[in-house]
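Within every chain, numbering begins at 1; the chains are lettered A, B, ... in the order of the sequence lines, protein sequences first and strands thereafter.
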Number of protein chains: 2
Amino acid sequence: MTASPTTCDRILDAAERLFADEGFHATSLRQITQAADANLAAVNYHFGSKQALILAVFRRRLDALNKARLTRLDAALTDSDRPDLEEILEAFIVPALAFTHGSEDAGHLFMRILMRAFAERDDQLHRALSAEYAHVMRRFASAIAVALPGVDEQCLRRHLDFIVGALTHTMAENGSSNGQAIANDLVRFAAAGLRSAVSVRNLDGATRTLEIHT
Amino acid sequence: MTASPTTCDRILDAAERLFADEGFHATSLRQITQAADANLAAVNYHFGSKQALILAVFRRRLDALNKARLTRLDAALTDSDRPDLEEILEAFIVPALAFTHGSEDAGHLFMRILMRAFAERDDQLHRALSAEYAHVMRRFASAIAVALPGVDEQCLRRHLDFIVGALTHTMAENGSSNGQAIANDLVRFAAAGLRSAVSVRNLDGATRTLEIHT
DNA sequence: GTTCGATTCAAACACTTGTTTGAATGTTAG
DNA sequence: CTAACATTCAAACAAGTGTTTGAATCGAAC
């Protein structure tokens, strides 16, 4: 039999599920500790505060996710001299979906939490997360810049935002079903979108402009 | 001089800003009424409850946004017999950005709120919104299906999710700056992504599959 | 001026929140 | 065994929550 999970882990699991279902502020420590079969004071004892618990829930999964992404990115880059755009995008997208198919629907829950974190304007959380998240995004940005020479830097950053938005939104919306089909779609969708940026610029040197009514 | 805004409007404005900054549950009625220079009981008097206020904040902007989208979509469809994909996408994307450039940063705030609504698992809010939102999405889906014959229906629905995710994420993240450039990028990005779906199917009849490690 | 409906107001309601405390318990080392 | 430490527990804390209430105030219509 596996060692029974510690109080810390039970609290993290319960908090993850409740945060995903109800939101950070809407979830009370009493709900969490009751679901975790722990005493109310356990949260403040083990983590210090509710805010620190939120960060802990985050780090546990995000560290693993970003590490898997970077490992796969490195593998794609050393595979050949000229990196393949699709392989780079798979390195970013597939681990997120592998997550979803992992232990129960932990990944699915975490994607909902990740989306909340983007929505939350909580500066403390925002800063703490972007510290390591920015590093990962920069690695992928430069990898794509190599695979797709001639793409505007600012444009590339925007497109990465598109991909992050599309990924988190669909992951949060659709459950853990059809992960593979979604990954296929998103990789192709994103690759085509990225390639369109350089081809347009190479053909006529300027993008079409739209009028925006104000 | 313009007629001074009613208490209802002041409450809606204050609530919109605070909901975007702090979240639904994190903002108290006391914060809202104080910012709106109204009495605490005014919210329950005019709207009935906090939950009803949240819905009211939503409807005020979402109605206008979706109406603008559909108007522009109709214009694009009657323009010519065979609708242009880019025009359809502009009908969906540009009004959201025109919003952003409208009164102050009201649109920017509302996009953050919209993102929260997707993240929130509040079933009541979810159901109330998807009622009219689903209708708009269906209109756009069938318009794209005409402009892009041969695209798989399920695949199209997923791609619309990608676009919604990309739009809300970037709108929420970047402020009201560079709205036009973002709209240009997203329209081109989305169009290329959508076209890639039909071309792949038409060329070899099957999509590439990725292994997902679990 | 008076009456009537709509609106505002201050005060209180019952309840939940995150956090702290100090004693009780379990666990490990000397 | 005992001493020291880590962990759990029930209880209380002050502060904040959404909502309700009943009186006060306003603005027209008669």
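Protein atom OH of A:Y45 is 21 Å distant from nucleotide atom P of D:dA11, rounded to whole Å. When the P atom of D:dC9 is taken as reference, atom CG of A:N39 falls 5 Å away, rounded to whole Å. Between the CD atom of A:Q34 and the P atom of D:dA10 there is a distance of 12 Å, rounded to whole Å. As rounded to whole Å, 12 Å separates atom C1' of C:dT21 from atom CG of A:N44. In this structure, the CD1 atom of A:I11 is 8 Å from the P atom of D:dT8, given to the nearest Å. Rounded to whole angstrom, the span from the CG atom of A:L29 across to the C1' atom of C:dT16 amounts to 12 Å. Taking atom CD of residue B:Q51 and atom P of nucleotide D:dT17, one finds them 17 Å apart after rounding to whole Å. Residue A:L40 contributes atom CG, which lies 12 Å from atom C1' of D:dC13 at whole-angstrom precision.
If you look at B:F58 and B:F110, their ring centroids are closer than 6.0 Å.
Not a single donor-acceptor pair, N or O on each side, falls under 3.5 Å between the base of D:dG16 and the side chain of B:R30.
A side-chain contact (heavy atoms from CB on, under 4.5 Å) with B:L194 is found for one member of B:L160, B:I144, B:I88, B:V151 and no other, namely B:I144. For the salt bridge (charged side-chain N to carboxylate O under 4.0 Å, His left out) with A:E16, the lone residue among A:R10, A:R60, A:R59 that qualifies is A:R60.
In this model, the phosphate group of C:dG18 is not approached by any side-chain N or O of A:H25 to a distance below 4.0 Å at OP1 or OP2. Using a 4.0 Å cut-off, some side-chain N or O of A:T7 falls inside it from OP1 or OP2 of D:dT8. Checking the phosphate oxygens (OP1, OP2) of D:dG16, no side-chain nitrogen or oxygen of B:S28 falls inside 4.0 Å.
Closest heavy-atom contact between A:T27 and A:L18: OG1-O, 3.3 Å.
DNA chain C is contacted by both A:T27 and B:A41; B:A41 maps to the nucleotide lying nearer its 5′ end (nearest heavy atom per residue).
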